[in-house]
Each structure stands twice: as structure tokens, then as C-alpha cells.
*Asks:* 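Structure incoming, see below.
Residue numbers begin at 1 in each chain, while the letters A, B, ... track the order of the sequences. In what follows, every heavy atom counts, from backbone to side chain, and hydrogens, waters and symmetry copies are set aside.
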Number of protein chains: 2
Amino acid sequence: MFAEHTVDTNDVTPPPHPCETWPDNGRGFRETLDRIGDKWSVLVIGILSGGPLRFSTLHRRVPGISQRMLTLTLRHLERDGVVSRAVYAEVPPRVEYRLTPLGESLRATVHALAQWVTDHHEEIENARRRYGSV
Amino acid sequence: MFAEHTVDTNDVTPPPHPCETWPDNGRGFRETLDRIGDKWSVLVIGILSGGPLRFSTLHRRVPGISQRMLTLTLRHLERDGVVSRAVYAEVPPRVEYRLTPLGESLRATVHALAQWVTDHHEEIENARRRYGSV
DNA sequence: CCGTATCCCCGTAGATACTG
DNA sequence: CAGTATCTACGGGGATACGG
């Protein structure tokens with residue numbers, strides 16, 4: 001997938017590219033990436049990686065998400081096999097969401113992404129200010 | 001960041017919170033994530049991680065992107081300090097894009113993401129089929 | 001070759017109100 | 001509590017045509 005190419009700058013030997021074996025040159029990649037790369041999925045996955053949570057708790061922990069979007073996001077993640085949904089026949093009703101094994105396998109990556117964003121948030125802010133108004 | 005703890009089945013007792021290191025409880029995270037998490041950025045970053053490329057080459061390598069969206073994506077990445085743009089006064093004109101050091105620091109994460117998607121693409125497809133039509 | 005400028009569509013997402 | 005239902009808007013993004 002991502003091309004094999006040598007960089008002229010110094011000794012930057014890039015780590016081996018994992019994506020050479022892609023069937024349709026990235027379309028499938030994009031398609032799947034859209035699933036976990038939409039507006040809320042990564043955040044929800046990250047929060048659920050701390051353990052199972054019920055709907056309302058999740059709603060409180062995802063800042064700014066609407067009830068509707070949380071529902072939709074969870075449905076999509078459930079459909080894609082990343083999140084599982086358990087309904088407990090109680091009063092009051094209780095629904096718990098948790099990561100499936102597939103979802104768990106995303107933990108490290110999501111955390112890495114979150115870490116990067118955390119580490120470089122300021123840097124990006126500064127770059128944007130330097131760039132001026134766009 | 002996202003909590004690493006294990007949760008018992010009832011979440012009555014407040015568990016150690018994810019996102020503790022974020023100033024505004026995740027909003028900044030989402031804000032920054034939107035930048036690199038839009039429709040094309042991750043793909044462009046991944047492809048540029050193979051080395052500098054000119055516009056037309058990039059255009060060919062990002063399957064399905066329109067000229068307009070490639071331009072916009074590159075501008076945003078440039079603004080955020082992830083990509084740099086070099087214009088060479090030649091005939092025919094040549095413009096090269098490459099990752100900045102900040103962009104390079106994203107390489108591992110982007111590749112991890114790409115790897116995950118590659119590894120689990122099929123699995124997700126299957127899950128979606130099992131789930132039925134939505 | 002490397003873009004900008006326009007037009008326009010349609011999906012995403014918010015607000016609000018209502019149910020099991 | 002845990003969702004649906006509906007209505008609406010906003011803007012992302014494609015198609016196309018044109019400029020440097």
C-alpha cells in the first residue's frame with residue numbers, strides 16, 4: 001500500500017512498510033478506515049478500552065456527543081464487530097457496551113494515536129497560528 | 001489518556017478516569033483528531049511517509065481523491081505543520097510535498113493503523129455481513 | 001503541471017420530542 | 001434508563017471549467 005521509496009534526507013531509514021500487499025490499492029483501506037475513522041469512533045473505542053460501560057455513562061464521558069450520534073456510533077461499531085452490546089432485563093433497564101476481542105486488538109493503536117495527539121496538540125496549534133488565517 | 005484499569009461489572013464506583021491528562025476533557029483531543037482524522041489525511045500521510053512526492057504523483061497514488069480534495073488536504077496538513085510544500089521554479093513547474101519532522105513522528109502510528117486495517121479488513125467485512133443490512 | 005473557482009448534491013450531525 | 005423519530009442545516013466533497 002504505502003509506497004516503497006527512499007528519502008534523500010540523511011539517514012532516515014523508514015521502518016518496513018506494512019502495506020505493500022494491498023489488493024485494490026487502498027480503496028478497501030479507505031473503506032475500513034472510514035468505519036473506525038469517523039467523527040466519534042476512535043474516542044468511543046478509547047474510552048471503552050477502560051472497561052465496559054453503560055450508555056449513559058458513555059454519554060457523559062464522550063464530551064459533546066449527542067445521544068443520537070452515540071447511538072449511531074455504537075451501532076456501527078457493533079455491526080463491524082468492534083463493540084458488543086449486552087442488555088440486562090432489569091428495572092431500570094441496563095445496557096452495557098464493551099470491546100470485542102477485535103475491538104481490544106485496536107487498543108494499542110488507538111492509544112498510540114491518542115498519545116500522539118496529546119503530545120503534539122500544542123505543536124499543531126502553534127503551526128496553525130504561524131500559518132495564519134485559513 | 002484512556003484508562004488501563006479493569007472494571008467490575010457495576011460501574012457505580014467512579015473508576016480512574018480516562019482522558020485525565022487532557023485539559024478540556026477531550027475536546028482538544030477531538031479537535032486535533034479531526035485534523036488528521038478527516039477523509040484523506042491519514043492516507044496522504046501514509047503515502048508521503050514513503051518519501052517526498054509531487055502533486056500529480058500523489059494524485060495518482062491516492063485512489064479516488066479529487067484534485068480539489070487533494071489540494072485542500074495538503075493545505076490543511078501544511079497549515080498544521082505536518083507536511084511541507086516546496087515549489088521549484090522550473091519548466092514544467094514542479095511542487096513537492098514531504099512530511100515535516102512532526103509528520104514523520106506520525107509515521108509509526110499511521111502505519112500501525114494501516115496494519116490493523118489490513119489485518120482485520122476481512123474480519124470486519126464478515127462481521128458486517130453477519131449483522132445484516134443497515 | 002499545478003493548482004483555483006464555481007456549482008451543487010447529499011450525508012452527517014445537532015436539536016427536539018416522544019416511547020418501552 | 002436507553003433509546004427512536006423527525007426535521008433541518010451545514011459543509012464535505014465530487015464534477016467541471018478555467019488560470020498561472
*Asks:* Name the first nucleotide and the last nucleotide along DNA chain D (5' to 3') that come under 4.0 Å of a heavy atom in chain B.
*Replies:* D:dG13 to D:dG20

*Asks:* Within this structure, what is the CD-to-P distance between B:Q67 and C:dT6, rounded to whole angstrom?
*Replies:* 16 Å

*Asks:* Rounding to an integer number of Å, can you tell me how far B:R75 CZ sits from C:dA5 C1'?
*Replies:* 14 Å

*Asks:* Return the set of residues passing side-chain contact (heavy atoms from CB on, under 4.5 Å) with A:V87 (not counting sequence neighbours), or none when no residue passes.
*Replies:* A:R85, A:V95

*Asks:* Within the 4.5 Å heavy-atom criterion, are A:T100 and A:V83 side-chain neighbours or not?
*Replies:* no

*Asks:* What integer distance in Å separates B:L58:CG from C:dC2:P?
*Replies:* 10 Å

*Asks:* Is the terminal nitrogen or CZ of A:R79 (NZ for Lys, CZ for Arg) located under 6.0 angstrom from the six-membered ring centre of B:Y131 and within 45° of that ring's axis?
*Replies:* no

*Asks:* Step by step, work out the side chain to side chain contact (heavy atoms under 4.5 Å, CB included) result for B:M69 and B:L72.
*Replies:* CA-CA 5 Å; B:M69 287 320 295; B:L72 282 178; 3.9 Å; yes

*Asks:* Compare side-chain N and O positions of B:R54 against OP1 and OP2 of C:dC1 and report whether any pair is under 4.0 Å apart.
*Replies:* no

*Asks:* Apply side chain to side chain contact (heavy atoms under 4.5 Å, CB included) to A:T32 and A:D80, showing your working.
*Replies:* CA-CA 9 Å; A:T32 305; A:D80 291 349; over 6 Å; no

*Asks:* Mind listing the N/O atom pairs, protein and nucleotides 11-13 of chain C, below 3.5 Å?
*Replies:*
| from | atom 1 | to | atom 2 | distance (Å) |
| --- | --- | --- | --- | --- |
| C:dA13 | N7 | A:R68 | NH2 | 2.5 |

*Asks:* Hey, does A:L99 have a side-chain heavy atom less than 4.5 Å from the side chain of A:L106?
*Replies:* no

*Asks:* Considering non-hydrogen atoms only, spot the tightest contact between A:E96 and A:P52 and give its length.
*Replies:* OE1-CB, 4.0 Å

*Asks:* Please check if the number of heavy atoms outside A:E104 that lie under 6.0 Å from its CD is greater than 12.
*Replies:* yes

*Asks:* Of all heavy-atom pairs between A:S49 and A:H111, which one has the smallest distance, and what is that distance?
*Replies:* OG-NE2, 3.0 Å

*Asks:* If the condition is ring-ring contact (aromatic ring centres under 6.0 Å, His included), which residues does A:W116 pass it with, not counting sequence neighbours?
*Replies:* A:H120

*Asks:* Bend angle of the helix from C:dC1-D:dG20 to C:dG20-D:dC1 from five-pair axes at both ends, rounded to 10°?
*Replies:* 50°

*Asks:* Identify whether any heavy atom of B:Y88 sits under 4.0 Å from a base atom; if not, whether one sits that close to sugar-phosphate; answer base, sugar-phosphate or nothing.
*Replies:* nothing

*Asks:* Show me the side-chain donor-acceptor pairs of residues 38-48 of chain B shorter than 3.5 Å, one per line, residues at least two apart or across chains.
*Replies:*
| from | atom 1 | to | atom 2 | distance (Å) |
| --- | --- | --- | --- | --- |
| B:D38 | OD1 | B:W40 | N | 3.4 |
| B:D38 | OD1 | B:S41 | N | 2.9 |
| B:D38 | OD1 | B:S41 | OG | 2.5 |
| B:D38 | OD2 | B:S41 | OG | 3.3 |
| B:S41 | OG | B:R35 | O | 3.3 |

